[in-house]
2 protein chains.
Amino acid sequence: MSRDRLIYLPLGGAGEIGMNAYVYGYGPEGKERLILVDLGIAFPDMDTTPGVDVILPDISWLEDKLDRLEGVFITHAHEDHVGGVGHLHGKLNAQIHARAFTANHARRKLKEQGHDEGDVTICDPWPATTELGPFKIGFVPISHSIPESSALVIDTPAGRIVHSGDFKIDHTPVLGEPFDEDLFREVAKGGVRALVCDSTNVFNAHEGRSESTVGPNIRELVAASSGMFVATTFASNVARLKSLADAGEAAGRSICLMGRAMRRMTEAAVEEGILTEFPRTVSPEDAADIPRENLMLIVTGSQGERRAASAQLSQGKYFGLEMKQGDTFLFSSKTIPGNEKDVARIINNFSEMGVDVVSDSDLYHVSGHANRPDLEAIQALLDPQVVIPMHGEHRHLREHAKLADGLGRVGVLAPNGTMVDLAGNKPTVVDHVETGRTYLDGATLVGQFDGVIRDRIRMALNGHAVVALMIEDDDQVMEDTWVDLRGLPEAGRSRRNLAEEMERDLAQRLERVDRKTARDDDALESLIKKSIQQVAQEEIGKRPEVTVLITRLTAE
Amino acid sequence: MSRDRLIYLPLGGAGEIGMNAYVYGYGPEGKERLILVDLGIAFPDMDTTPGVDVILPDISWLEDKLDRLEGVFITHAHEDHVGGVGHLHGKLNAQIHARAFTANHARRKLKEQGHDEGDVTICDPWPATTELGPFKIGFVPISHSIPESSALVIDTPAGRIVHSGDFKIDHTPVLGEPFDEDLFREVAKGGVRALVCDSTNVFNAHEGRSESTVGPNIRELVAASSGMFVATTFASNVARLKSLADAGEAAGRSICLMGRAMRRMTEAAVEEGILTEFPRTVSPEDAADIPRENLMLIVTGSQGERRAASAQLSQGKYFGLEMKQGDTFLFSSKTIPGNEKDVARIINNFSEMGVDVVSDSDLYHVSGHANRPDLEAIQALLDPQVVIPMHGEHRHLREHAKLADGLGRVGVLAPNGTMVDLAGNKPTVVDHVETGRTYLDGATLVGQFDGVIRDRIRMALNGHAVVALMIEDDDQVMEDTWVDLRGLPEAGRSRRNLAEEMERDLAQRLERVDRKTARDDDALESLIKKSIQQVAQEEIGKRPEVTVLITRLTAE
């Protein structure tokens, strides 16, 4: 049968929070024309990705189908949706489509990587659409926690798909476009084949709260504070920046933005005409001259990032400013799971300074994602036949699919790599594609299974012993074999120097080595590793990683 | 002035959650007789302590005052209070005092480290006391989340101190001793100089909930489940184990305990006569033969520990048992900050198997620590002049001291190393002592600032380049210099082999080296490091750690 397929294939984001990358395709099997929705990053951690800078989705599947790729569409400017465009544009070389604010960021990212900013096309909101091959795609404004977030309406000959992007239902978002039910009712007309929908907050059963609810609370807190007032939030939450700055201004404080991301976001918002009324700010350099009770800093680093302004301020002077007893520090944010210890470190540092810290309070932060009631509401509005949960860990996707089933729709559980055909009577899984992660490590892309990161983790857990030895041209092992230890204690149970103990044991073993072994690098290496690990086990109860460097002298 | 001092000195636990170790002393300055209350551990993580097995408080201050140490008192058998006794008994060599259940654990720990079990004395509860030097010490039963937790009444010539230990106010704890207000009123008679008090839950403003509230919820959940039912909780929460097992039995299920800690805890509770009525259990080996709908497993690993039973079950077959669609997994526990990702990994694995996971629900878990209202209540009961917050991060201690101040008492903020004299009219900080952490790393104790762990972290972040070169006896550098890379990519920007690029660059530089440099190991090493890091920076945008091994050939 050669009917056309309408495929959905997540390459990232469906099985994790972060790293969003979703493929849609339409056409005969194997010849589908393709678009990619979002190209985000995920963030590394010491446990699994030490030293890595950024985690990217593995897009190999797409790389050998570039002739079929019509374009890339970015729903909004959060790093987990747009962060990969700079690093991966060289591989995809496809035109990027986004609304103005998102495009502003995408262009900067392309520029940073030496690409042409013209490779980003700015799109007007729906009902304007972009036609590419069999697709007609429109950006439908939807409320989230960053300006100009959009759902995508993807029209195909097999029906309409709505890709929600990240969203919440917020009728009073302080800044930018409120959630417009009439608009979504319009979208629903003529029928929605499938809703592909944000799942991150599916376990939260509470009603969603509007961005506008936090402003009055912040205003009250700032008004009641006497010393310096410092607030941190996600730099991309421009509405929150405005609420914070407005509260500072109302309390007669000068506003100072600190941290690169903070300035970038507000600049982009001003450039794109989104941020029109923002209190006048002072530079960090000038802030130090303002009496502390008249000053409000809005700073980066709400997740405890070690180099960001919050962490810097918690460690002492930063731009000539120093927090002290009587000052207030507000986390107008939520701690993302995994960052608890970094955030606690900052709070404890401030506590030692005598600074009052307000953190993890619902009064001063609301989520940008749809809770369960909002997920039910958008299904009711769009009335899709099929619901495919995306953006979430497996547990979120599963719960969201169950929710859809419970509402009488067809919930499809499709984690990364699951290719679903939506063209037939009912959605069908037609393929499983290999997906994964690629690590940007300094300037290099490293594969998840290359062993590079595994080796780093092993050195961190076990330490590293390095052995250098020489073999003379008559295949005699020379006497001076060196052992150098890194990440290992100097001495163990015997209290004797550990490296010297290893050298002693090695010397004894090497003395007895026959010529055949001495000629065989692998045999020597395995003998040496055994010696090192045996001594280590006895002395320190550990098995270090071992590197052996053999130099063979040749007669001249 | 030579009046006697009553000192309080936290060596661990006051500035962190974990690693509790508190010194009390009485006598003339510098001649105080001393006792140590608790000797716990903290747990390592990849961010700060990769490869470390256990974190111990640095007790150097105590080590050169052993002639003044009267004894060690352990409040309860949680690892952060008793976990260090085995590892540090060899250094302290002081008699350990504890109630029977706690002593049972302390003895096992001594035995494991080759010490004499007789070094643990079993104490009866207050009003029984132990007299040691100027101290009279009694164990006052207090409710917590492990059997036989105790507050200590420490009587000295300068007054009575109550050291709360970890506690909550629970009048119906399911198992063991309820919180007895009359007993604490008795303790309060004659006046309490200072209450040294658990601070971990000071930010929680809710009423504490009793252990007895979770049983009915668990029973309902188990009764409504159809497949296999598996629950995890803290193994030491013997009351919870009983609630879980009772719920299983009521639903007609056979109970199977899995995980070493689970068996140890129940054995100790049976041995000490605490656990008298527990449903009959089946062994893991026999469990596989029981129909899954008639089976309930109670397993270790509520914090996502990688080798524990929960993690094993989430990865496939374990003792012949395999979870599947229709089964239920209950976390009857709270995820401790820092463990979120490990717990999420397990939940997602189960989600992929189709298992229904119930987690982080207040219905099935209550905290063992005193919330703010309970902290207020115990102050009201004991009416202490002074309150010294202990066991908590700095932010907890500070908040707790503010709470005490607000209640008209003298709150003393005394983080680790702060020596407070409680003998005078008002508490005075009389000294600051150096404190810190010692790492048990395999079989060796490693200091926090020895550089061993720092080097491991650096290798994990930056990778490790190893260079071996030889110098001939005429101070000529030999040609075959080797570079070996670990935790670094094979190739960078130029796509050429990175180690070979480094060797090439090194060869060029070494060729030009004069005799003076060639004779100087330090000069050579710094030249080599520069070369390696420069090539690395160009090729891969990273600066690896570098180890240089120089071998000098000598004329025979």
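It should be emphasised that the depicted structure is a prediction, and the values quoted were computed from it without experimental measurement. Residue numbers start from 1 in every chain, and the chains themselves are labelled A, B, ... in the order their sequence lines are given, proteins ahead of strands.
Using modelled atom types, one finds a donor on one side chain and an acceptor on the other under 3.5 Å when comparing His400(A) with Ser199(A). A donor-acceptor contact closer than 3.5 angstrom is absent between the side chains of Thr444(A) and Asp441(A).
Across all their heavy atoms, Val52(B) and Leu440(B) have their closest contact at CG1-O, 3.6 Å. Closest of all the heavy-atom pairs between Gln303(B) and Val343(B) is C-CG2, 3.6 Å. Residue Leu488(A) comes nearest to Ala465(A) through the heavy atom pair CD1-N, 4.4 Å, listed as atom of the first residue, atom of the second, then distance. Across every non-hydrogen atom of Leu461(A) and Arg456(B), the tightest pair is O-NH1, 4.1 Å. Between Val535(B) and Met502(B), the closest heavy-atom pair is CG1-CG, 3.8 Å. Heavy-atom minimum distance, Asp342(A) versus Gly304(A): CB-O, 3.7 Å.
Taking CG of Leu445(B) as the reference point, atom OH of Tyr439(B) lies at 12.5 Å (rounded to 0.5 Å). Atom-to-atom distance recorded for Thr48(B):OG1 and Met46(B):CE is 10.5 Å, nearest 0.5 angstrom. Rounding to the nearest 0.5 Å places CZ of Arg345(A) at 9.0 Å from CD of Gln315(A).
When heavy atoms are compared at a cutoff of 4.5 Å, Thr49(A) does not approach chain B at all.
For chain B, the option among Arg493(A), Met470(A), Glu490(A), Lys402(A) with the highest count of heavy-atom pairs below 4.5 Å is Met470(A). No other option in Ala491(B), Ala468(B), Gly492(B) has as many heavy-atom pairs under 4.5 Å with chain A as Ala468(B). Among Arg552(B), Glu393(B), His396(B), Arg395(B), the residue with the largest count of heavy-atom pairs under 4.5 Å with chain A is Arg395(B). Options Arg398(B), Lys341(B), Glu340(B) differ in how many heavy-atom pairs under 4.5 Å they form with chain A, and the most are formed by Arg398(B). Of the listed residues (Val446(B), Ile550(B), Asn339(B), Asp484(B)), the one with the most heavy-atom contacts under 4.5 Å to chain A is Asp484(B). Comparing Ala536(B), Ala443(B), Gly442(B), Gly541(B) by how many heavy-atom pairs each has under 4.5 Å with chain A, the most go to Ala443(B). The choice from Pro337(B), Ala460(B), Gly15(B) that makes the most heavy-atom pairs within less than 4.5 Å of chain A is Ala460(B).
The closest donor-acceptor contact from the side chain of Glu503(B) to the backbone of Val483(B) lies under 3.5 Å.
Interface with chain A: from residues 447-455 of chain B, residues Val452(B), Asp455(B) qualify, criterion being any non-hydrogen pair under 4.5 Å. Taking 4.5 Å as the heavy-atom cut-off, the residues of residues 346-356 of chain A that approach chain B are Ile347(A), Asn348(A), Ser351(A), Glu352(A), Gly354(A), Val355(A), Asp356(A), ordered by number.
The side-chain contact (heavy atoms from CB on, under 4.5 Å) test with Val548(B) is passed by exactly one of Leu469(B), Leu524(B), Val466(B), Asp521(B): Leu469(B).
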